[in-house]
Enquirer: 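Let me give you the structure first, and then I'll get to my questions.
Nothing fancy with the numbering, it's 1 onward along the sequence.
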Amino acid sequence: MDQRLSMVTLGVADVTASRRFYERLGWKASSAGDGKVAFFQAGGVVVAIWGRADLARDACLETQGGVGGVALAHNVSRKQDVDTVLAEAEKAGARILRPAKDAFWGGYSGYFADPDGHPWEVAWNPGFPLSKDGNIILPT
């Protein structure tokens with residue numbers, strides 16, 4: 001697994017209200033959001049806001065005490081790299097929360113938890129290309 005953090009997802013109570021808050025701060029949302037999620041380019045990292053219950057469900061944490069409201073993501077440039085990175089994480093001592101599968105948003109992803117239980121999503125998203133140095137490039 002490359003030493004890279006691609007995205008931080010904040011699990012929020014109200015996506016619309018949170019989006020408005022960040023926009024009032026001067027942040028510009030990407031066109032990639034669908035109303036149920038919003039994305040903001042924050043330098044080389046993307047900040048996403050998504051419903052807390054949706055995040056917990058996607059990471060398969062709703063039956064394991066829920067999610068603390070934050071998920072980290074490591075994006076890869078090829079679909080098959082998701083399985084490779086998940087296997088590397090498991091070998092290093094991670095617990096697989098959700099094996100990789102095709103995602104409802106058109107990509108492919110899975111989740112692992114680090115030894116302290118922090119959820120990491122490993123994702124290939126064809127709508128979010130990566131730069132040469134591995135940073136997500138959001139649509140404007």
Enquirer: Is a side-chain N or O of R52 found less than 3.5 angstrom from the main chain of V70, in a donor-acceptor match?
Expert: no

Enquirer: Once you round to the nearest 0.5 Å, how far does CG of D54 lie from OG1 of T9?
Expert: 11.5 Å

Enquirer: For residues L5 and V8, determine if any side-chain heavy atom of one lies less than 4.5 Å from a side-chain heavy atom of the other.
Expert: yes

Enquirer: Given side chains that start at C-beta, do those of F40 and E23 come closer than 4.5 Å, heavy atoms only?
Expert: yes

Enquirer: Is the backbone N or O of P139 less than 3.5 Å from a side-chain atom of S30, with the two atoms forming a donor-acceptor pair by type?
Expert: yes

Enquirer: Identify the heavy atoms of R98 and D58 that sit nearest to each other, and give their distance.
Expert: NE-O, 2.8 Å

Enquirer: For the pair K79 and D102, find out whether any cationic side-chain nitrogen is under 4.0 Å from an anionic carboxylate oxygen.
Expert: yes

Enquirer: Quick one: does any side-chain atom of D34 pair with a main-chain N or O of V37 as donor and acceptor, under 3.5 Å?
Expert: yes

Enquirer: Roughly how far apart are I137 CD1 and S131 OG, rounded to 0.5 Å?
Expert: 5.0 Å

Enquirer: State, to 0.1 Å, how close W124 and V82 come at their nearest heavy-atom pair, and which atoms those are.
Expert: N-CG2, 3.6 Å

Enquirer: Between Y108 and N125, do the side chains contain an N or O donor and an N or O acceptor separated by less than 3.5 Å?
Expert: no

Enquirer: What I'd like to find out is whether the side chain of D81 reaches to under 4.5 Å of the side chain of R78, using heavy atoms alone.
Expert: yes

Enquirer: Does some side-chain heavy atom of V47 sit less than 4.5 Å from a side-chain heavy atom of M7?
Expert: no

Enquirer: Is the shortest heavy-atom distance from the side chain of I96 to the side chain of L86 under 4.5 Å?
Expert: yes

Enquirer: If I take atom NE2 from residue H74 and atom CD from residue E88, how far apart are they, to the nearest 0.5 angstrom?
Expert: 8.0 Å

Enquirer: Any side-chain heavy atom of Y22 within less than 4.5 Å of one from I49?
Expert: yes

Enquirer: From L97 CG over to F112 CZ, what is the distance, rounded to the nearest 0.5 angstrom?
Expert: 9.0 Å

Enquirer: Taking all non-hydrogen atoms of both residues, which atom of T140 and which atom of S31 are closest, and how far apart?
Expert: O-OG, 2.9 Å

Enquirer: Answer whether the closest heavy-atom distance between the side chains of L138 and F128 falls below 4.5 Å.
Expert: yes

Enquirer: So, does S109 use its side chain to make a donor-acceptor pair with the main chain of E121 at under 3.5 Å?
Expert: no

Enquirer: Do V45 and W27 share a hydrophobic cluster, counting only Ile, Leu, Val, Met, Phe, Trp and Tyr and linking them when any side-chain heavy atoms are less than 4.5 Å apart?
Expert: yes

Enquirer: Short question: side chain of R4, backbone of N135 - any donor-acceptor pair under 3.5 Å?
Expert: no

Enquirer: Consider only side-chain heavy atoms of I, L, V, M, F, W and Y, link residues closer than 4.5 Å, and tell whether V12 and F21 are in one cluster.
Expert: yes

Enquirer: Is the side chain of Q41 donor-acceptor paired with the backbone N or O of G43 at a distance under 3.5 Å, no angle test?
Expert: yes

